[in-house]
Amino acid sequence: QVQLRESGGGLVQTGGSLRLSCTASGRTFSVYDMGWFRRTHEKERDFVAALRASSPRPYYAESVKGRFTISRDNANLYLQMNSLKPEDTAVYYCAAGPAPTLRPSDSREYDYWGQGTQVSVSS
């Protein structure tokens, strides 16, 4: 098992930036594919970004390409969010799935989830 805990959420104005962190503990973090998802009023698990354990190639939702950057180190996952928009307002979750996942953007590929962190963007 792996335990995940997000941090870094908050309230920012349109155009602002936030950096989310996800700290992992438990089993070896490096064997998991990792992703960020968000929960909005419309979607329970909306894909944001993902990184596979075996590849540095990131995956992004179209809505965040060019604005968000996902990265990871030995025990942490990060999401740098720039040029934030009101529609980015959501609860953000990090997730871990046993590598290799077939579809990194599919929330069903992930077995472990953090408790979420709220991101609010004011207009």
Shortest non-hydrogen contact from [X] toward [Y]:
X	Y	value
Val64	Val48	CG2-O, 3.5 Å
Gly116	Val91	CA-CG1, 3.9 Å
Trp36	Glu6	CZ3-CG, 3.9 Å
Ala24	Val2	CB-CG2, 4.0 Å
Arg67	Ser83	NH1-O, 2.9 Å
Leu77	Cys94	CD2-CB, 4.1 Å

Problem set entry | Tyr110/Phe37 aromatic ring centres below 6.0 Å |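 Ring centroids of Tyr110 and Phe37 are less than 6.0 Å from each other.
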Do [X] and [Y] have side-chain heavy atoms sitting under 4.5 Å apart?
X	Y	result
Asp73	Tyr78	yes
Thr69	Tyr60	yes
Arg52	Pro104	yes
Pro86	Thr14	yes

Problem set entry | Hydrophobic cluster identity match, Leu84 and Leu79, side-chain contacts under 4.5 Å |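 Same hydrophobic cluster.
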For this session: Start with the C-alpha distance between Leu4 and Met34, add both sets of side-chain angles, then the distance that settles side chain to side chain contact (heavy atoms under 4.5 Å, CB included), and finish with yes or no.
Result: CA-CA 11 Å; Leu4 305 172; Met34 300 296 297; 4.1 Å; yes
How long is the straight-line distance from [atom2] of [Y] back to [atom1] of [X], given to the nearest 0.5 Å?
X	Y	atom1	atom2	value
Asp33	Arg103	CG	CZ	12.5 Å
Asn76	Ser25	CG	OG	10.5 Å
Ser123	Lys85	OG	NZ	14.0 Å
Thr101	Arg108	OG1	CZ	13.0 Å
Leu18	Thr117	CG	OG1	8.5 Å
Ser105	Asp46	OG	CG	10.5 Å

Problem set entry | Tyr92 and its side-chain hydrogen bond (donor to acceptor under 3.5 Å, both in side chains) partner, picked from Gln118, Arg38, Arg39 |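 With Tyr92 as partner, side-chain hydrogen bond (donor to acceptor under 3.5 Å, both in side chains) holds for just one option, Arg38.
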Problem set entry | Identified side chain to side chain contact (heavy atoms under 4.5 Å, CB included) counterpart of Val119 within the set Leu20, Thr89, Leu11 |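 It is Leu20, the one option of Leu20, Thr89, Leu11 that forms the side chain to side chain contact (heavy atoms under 4.5 Å, CB included) with Val119.
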Problem set entry | side chain to side chain contact (heavy atoms under 4.5 Å, CB included) between Leu51 and Tyr32, worked out | CA-CA 9 Å; Leu51 272 176; Tyr32 290 95; over 6 Å; no
